[in-house]
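The structure displayed is predicted, hence computed values, not measured ones.
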Amino acid sequence: MLEKRSLSLSGHRTSIALEPEFWAALTALAAAENLTLAALVTRTDAVRPPERPLASALRVYALRHSGG
C-alpha cells in the first residue's frame with residue numbers, strides 16, 4: 001500500500017506516494033545528513049532527470065544510499 005505525503009517544493013504543494021518502507025529509509029537518510037525530509041526531497045527533485053518522476057527518483061535515492 002502506498003502512503004501519500006504532501007510537501008512544499010519550489011513554493012508549491014505536491015503530493016508524493018511511496019511505500020512506507022521507502023518513507024522510512026528516506027527519513028533515516030535525511031536524519032543521517034542532518035536534513036529535514038522536505039530538504040532531502042527538494043535536493044533530489046533538483047538533480048533528477050526531467051523524464052524521471054519524483055517518486056521514482058526518491059526510490060532510487062533510497063536504494064542507492066541505504067545499502068538496499
Here the side-chain hydrogen bond (donor to acceptor under 3.5 Å, both in side chains) pairs for residues 17-29, sequence neighbours left out, are E19-R59
All heavy atoms of A38 vs all of L7, minimum pair found to be CB-CD2, 4.2 Å
Of all heavy-atom pairs linking H65 and L29, the shortest is O-CD2, 3.4 Å
Would you say V60 and T44 make side-chain contact, with heavy atoms under 4.5 Å? no
Closest heavy-atom pair, S8 versus R13, reported as atoms and distance to 0.1 Å, is N-NH1, 3.7 Å
One should read off an interatomic distance between L2 CG and F22 CZ, to the nearest 0.5 angstrom, of 10.5 Å
Tightest non-hydrogen contact, residues L58 and L26, listed as O-CD2, 3.8 Å
State plainly whether one hydrophobic cluster holds both L54 and L63, where clusters connect Ile, Leu, Val, Met, Phe, Trp and Tyr through side-chain heavy atoms under 4.5 angstrom apart.
-> yes
Correct closest heavy-atom pair for A17 and A55 would be O-CB, 4.0 Å
One should read off an interatomic distance between I16 CD1 and S56 OG, to the nearest 0.5 angstrom, of 12.0 Å
